[in-house]
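Heads up: the structure comes next, in structure tokens.
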Protein chains: 2
Amino acid sequence: MFGDRKEDVPQKGFRLARSPVDSRRPLTLRDVSEASGVSEMTVSRVLRNRGDVSDSTREKVLEAARMLGYVPNKIAGALASQRVNLVGVVIPSLSNLVFPEVLGGISAELDDTGLQPVVGVTAYLPEKEETVLYEMLSWRPSGMIVAGLEHSETARAMLRNSGVPVVEIMDTDGEGVDSVVGISHRRAGRQMAAAIVAAGYRRIGFLGTKMPLDHRARKRLEGFQEGLAEAGLQLADTEFYSGGSALKKGREMTQAILSRTPDLDFLYYSNDMIGAGGLLWCLENGYDVPRQLGLAGFNGVDLLEGLPRRLATMDSCRREIGAKAAQIIAGRPHSGVIGGEVIELTPVIQPGDTIRRA
Amino acid sequence: MFGDRKEDVPQKGFRLARSPVDSRRPLTLRDVSEASGVSEMTVSRVLRNRGDVSDSTREKVLEAARMLGYVPNKIAGALASQRVNLVGVVIPSLSNLVFPEVLGGISAELDDTGLQPVVGVTAYLPEKEETVLYEMLSWRPSGMIVAGLEHSETARAMLRNSGVPVVEIMDTDGEGVDSVVGISHRRAGRQMAAAIVAAGYRRIGFLGTKMPLDHRARKRLEGFQEGLAEAGLQLADTEFYSGGSALKKGREMTQAILSRTPDLDFLYYSNDMIGAGGLLWCLENGYDVPRQLGLAGFNGVDLLEGLPRRLATMDSCRREIGAKAAQIIAGRPHSGVIGGEVIELTPVIQPGDTIRRA
DNA sequence: TTCGCTTATGTTAGCGGTAACGGCAGCGAA
DNA sequence: TTCGCTGCCGTTACCGCTAACATAAGCGAA
């Protein structure tokens with residue numbers, strides 16, 4: 001009553017600037033506690049809805065907090081409680097459309113768990129991935145969801161030592177650090193090869209973006225080749241490109257490969273976007289799709305629905321992968337080190353209108 | 001020498017579990033300091049590259065940190081230093097393609113400032129925006145970049161009281177809380193109207209997504225109508241839709257509006273994606289574009305490059321907006337409350353091939 | 001030699017919260 | 001009345017790190 005301890009005793013440095021009139025001083029629990037006449041601890045309890053507090057006190061505190069416009073400091077809270085409600089999500093790109101969808105699945109699943117995703121983008125660069133992981137782990141998140149299984153040894157070590165649950169997503173062809181949720185791209189490639197061969201196509205070309213670090217695309221191609229090999233076939237031609245508008249690249253590559261190898265009867269694209277470009281080009285240039293020339297992409301993006309003809313593709317279970325990954329993180333009790341689950345989802349071929357019906 | 005204080009005196013609760021053999025105990029500065037035989041402060045200095053440390057000591061410390069796989073705890077660091085290297089970025093959606101691009105501009109600009117963007121998505125919902133802002137502000141970021149100027153009163157208050165620099169982006173038609181970087185969508189609409197009228201079109205229809213909360217689209221439409229009014233015209237018909245694949249919606253809406261009002265000679269779409277769908281539909285159905293029927297969209301997404309004909313559009317300066325916003329945040333000295341800048345960029349019409357040449 | 005300055009390192013006191021525990025009414029049962 | 005319990009709230013001791021202030025050694029100049 002005769003004077004609050006601490007607060008009005010000028011201490012040092014910037015503390016001096018914190019005169020009671022200075023409304024720009026950041027608010028703390030103490031301000032709320034003084035305004036409502038209870039201890040900081042009680043305020044903390046009210047704001048976190050934890051422990052017993054009488055209704056009347058609760059009201060007072062909430063009112064004071066609202067009046068002051070108090071926003072709790074999670075930094076302090078996290079340090080004290082050793083709990084952080086963040087989940088790191090590391091993906092190679094945001095412009096690929098596929099990744100925002102995975103993210104959508106994660107967010108939706110996390111929505112009522114109190115956990116919050118924080119996104120980091122690697123641009124397909126291993127060094128960047130290391131930086132992003134380091135940065136994220138330094139915030140001691142409750143979990144990490146990382147795209148792909150291929151990481152530098154340093155990155156793997158960081159994840160392993162971090163003590164937080166890790167889920168590697170999108171790909172199951174390989175060894176994970178902890179849990180894994182995804183599809184087998186190798187198998188996906190084989191499956192598509194089988195379907196194409198079964199439909200009677202024989203002169204098959206592959207078109208992809210030149211991304212040595214897109215391991216999933218690479219595995220798909222490898223699987224595809226294996227699948228062809230089983231039927232005694234091999235790729236008749238391939239075409240790679242990088243950068244730029246995928247739709248446009250799809251056109252250009254298609255023109256290029258068909259003028260180089262005119263007798264191709266099927267084009268397999270490493271993703272739907274270039275596939276769509278290819279499809280548009282083929283239709284404009286009078287190809288009889290799918291009789292004369294079959295086409296297929298990969299991913300099952302819903303952009304395809306607006307195309308003149310539905311491109312054959314394969315769903316890559318993106319939302320579901322995100323959801324499952326989030327479930328694993330959310331379900332894992334705090335740092336209780338349980339073994340890594342591996343969940344392999346099975347993509348389904350959507351034949352569309354660009355592959356001959358059996 | 002005779003025994004480390006603290007560490008080997010069992011204290012209480014979980015501390016007991018922290019035996020020296022337990023390698024899963026989280027590492028702290030202390031571990032590194034013990035391993036390298038210097039004080040925690042010196043380790044801290046080395047890891048942050050701050051203050052004078054002899055080369056030999058630096059080496060020792062770095063070696064120890066590497067050996068142990070130590071990752072600094074930013075939570076503690078931030079609390080102690082009152083500095084957080086995070087910038088909150090709040091956008092309505094990730095699947096709109098436009099927003100990842102803004103984000104790209106922000107990231108690129110922030111890349112060598114030590115600052116890191118953290119993304120929050122509002123799904124165009126004001127309540128969700130409040131939650132996201134609250135959540136972000138509770139981490140005391142160095143700045144906030146928020147899409148749009150329309151926020152709930154609560155949200156504006158939070159931003160104002162937060163004491164961090166705020167940049168509202170994408171839109172300059174209205175009052176901002178602090179700084180603003182964007183384009184005038186109203187003016188953009190007028191400008192497009194003027195161009196269309198100048199090209200001789202008179203029976204003009206508008207097609208947009210039914211999103212009452214997409215204020216920028218609304219302002220564009222209002223500006224467009226104003227522009228038409230100046231020429232003594234008004235919209236001949238409109239069509240709205242929501243949800244689903246934008247490309248497909250574009251087709252459906254185009255078909256709908258043209259069968260209802262067949263004498264339209266121009267269709268203005270609220271974004272490029274539905275515009276692209278419309279373009280495909282028109283071409284397939286034998287419309288003579290742009291002679292008989294002109295088309296235009298908005299945004300200037302590079303997807304358009306792959307279309308059979310280049311859709312007329314208007315660049316929305318997305319990367320540049322992101323870059324400028326990031327510059328403001330990065331350039332603002334810590335919480336030095338300087339006045340809010342307003343930067344209005346000027347979008348340029350890209351006539352493409354779907355509007356008659358003057 | 002002494003002073004003053006620089007360089008390299010350690011010590012102390014928090015940052016703003018929360019876990020854990022303590023204390024004290026109020027109240028029904030023994 | 002006494003005990004034990006529950007409901008409510010406060011006190012204390014940190015969480016892991018860094019700002020600010022010692023401290024100590026080395027060295028050239030006065």
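Numbered from 1 within each chain, the chains take letters A, B, ... in sequence-line order. Nothing here was measured: the structure is a model prediction, and the numbers come from that model.
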Selected nucleotide, minimal atom distance to [X] side chain, candidates [options]:
X: A80(B); options: dT11(C), dC15(C), dG10(D); result: dC15(C)
X: S39(A); options: dG16(C), dA19(C), dG10(D); result: dG10(D)
X: T57(B); options: dT9(C), dT18(C), dG17(C); result: dT9(C)
X: L29(B); options: dA19(D), dC17(D), dC15(D); result: dC17(D)

Using whole Å, report how far [atom1] of [X] lies from [atom2] of [N].
X: R48(B); N: dG16(D); atom1: CZ; atom2: C1'; value: 12 Å
X: L79(B); N: dA13(C); atom1: CG; atom2: P; value: 18 Å
X: R50(A); N: dA19(C); atom1: CZ; atom2: P; value: 7 Å
X: R58(B); N: dT7(C); atom1: CZ; atom2: C1'; value: 13 Å
X: N85(A); N: dT18(C); atom1: CG; atom2: C1'; value: 15 Å
X: I75(A); N: dG14(C); atom1: CD1; atom2: P; value: 20 Å
X: N73(B); N: dG16(D); atom1: CG; atom2: P; value: 7 Å
X: M41(A); N: dT18(C); atom1: CE; atom2: P; value: 7 Å

For [N] and [X] - does any side-chain N or O of the residue sit under 4.0 Å from the phosphate oxygens OP1/OP2?
X: Q82(A); N: dG16(D); answer: yes
X: Y70(A); N: dG17(C); answer: yes
X: S54(B); N: dT9(C); answer: yes
X: T42(A); N: dC8(D); answer: no
X: R83(B); N: dA19(D); answer: yes
X: S81(A); N: dG17(C); answer: no

Checklist entry - Checking salt bridge (Lys or Arg N to Asp or Glu O under 4.0 Å) for the pair E63(B)/K60(B): CA distance, chi angles, key distance, verdict? => result CA-CA 5 Å; E63(B) 176 59 17; K60(B) 266 193 310 191; over 6 Å; no
Checklist entry - Where each residue is assigned the nucleotide of DNA chain D containing its nearest heavy atom, which of E40(A) and V71(B) is assigned the position nearer the 5′ end? => result E40(A)
Residue pair [X] / [Y], side-chain heavy-atom distance below 4.5 Å:
X: I91(A); Y: M170(A); answer: no
X: S138(A); Y: V71(B); answer: yes
X: R30(A); Y: V43(A); answer: no

Item to check | Which residue lies more 5' along DNA chain C, comparing A76(B) with S44(A) via nearest heavy atoms | outcome: A76(B)
Next on the checklist: Under the side chain to side chain donor-acceptor pair (under 3.5 Å) definition, can you give me all pairs with a residue in residues 68-81 of chain A, not counting sequence neighbours?
Outcome noted: K74(A)-E135(B)
Next on the checklist: Classify R45(B) by what it touches in the nucleic acid, base, sugar-phosphate, or nothing, heavy-atom distance under 4.0 Å.
Outcome noted: base
Next on the checklist: Once you apply a heavy-atom cut-off of 4.0 Å, does D52(B) come out as touching a base, just sugar-phosphate, or nothing?
Outcome noted: base
Item to check | Per-nucleotide pairing state of DNA chain C [Watson-Crick or G-U, under 3.5 Å; [ ] pseudoknot-crossing; | other strand] | outcome: ||||||||||||||||||||||||||||||
Checklist entry - What pair of heavy atoms forms the shortest contact from N85(B) to G114(B), and how long is it? => result ND2-O, 3.2 Å
Checklist outcome for this item: When every non-hydrogen atom of M136(A) is compared with those of M144(A), the smallest separation belongs to SD-CE, 3.9 Å
Next on the checklist: Tell me if the CD atom of E175(A) is crowded by more than 12 foreign heavy atoms within 6.0 Å.
Outcome noted: no
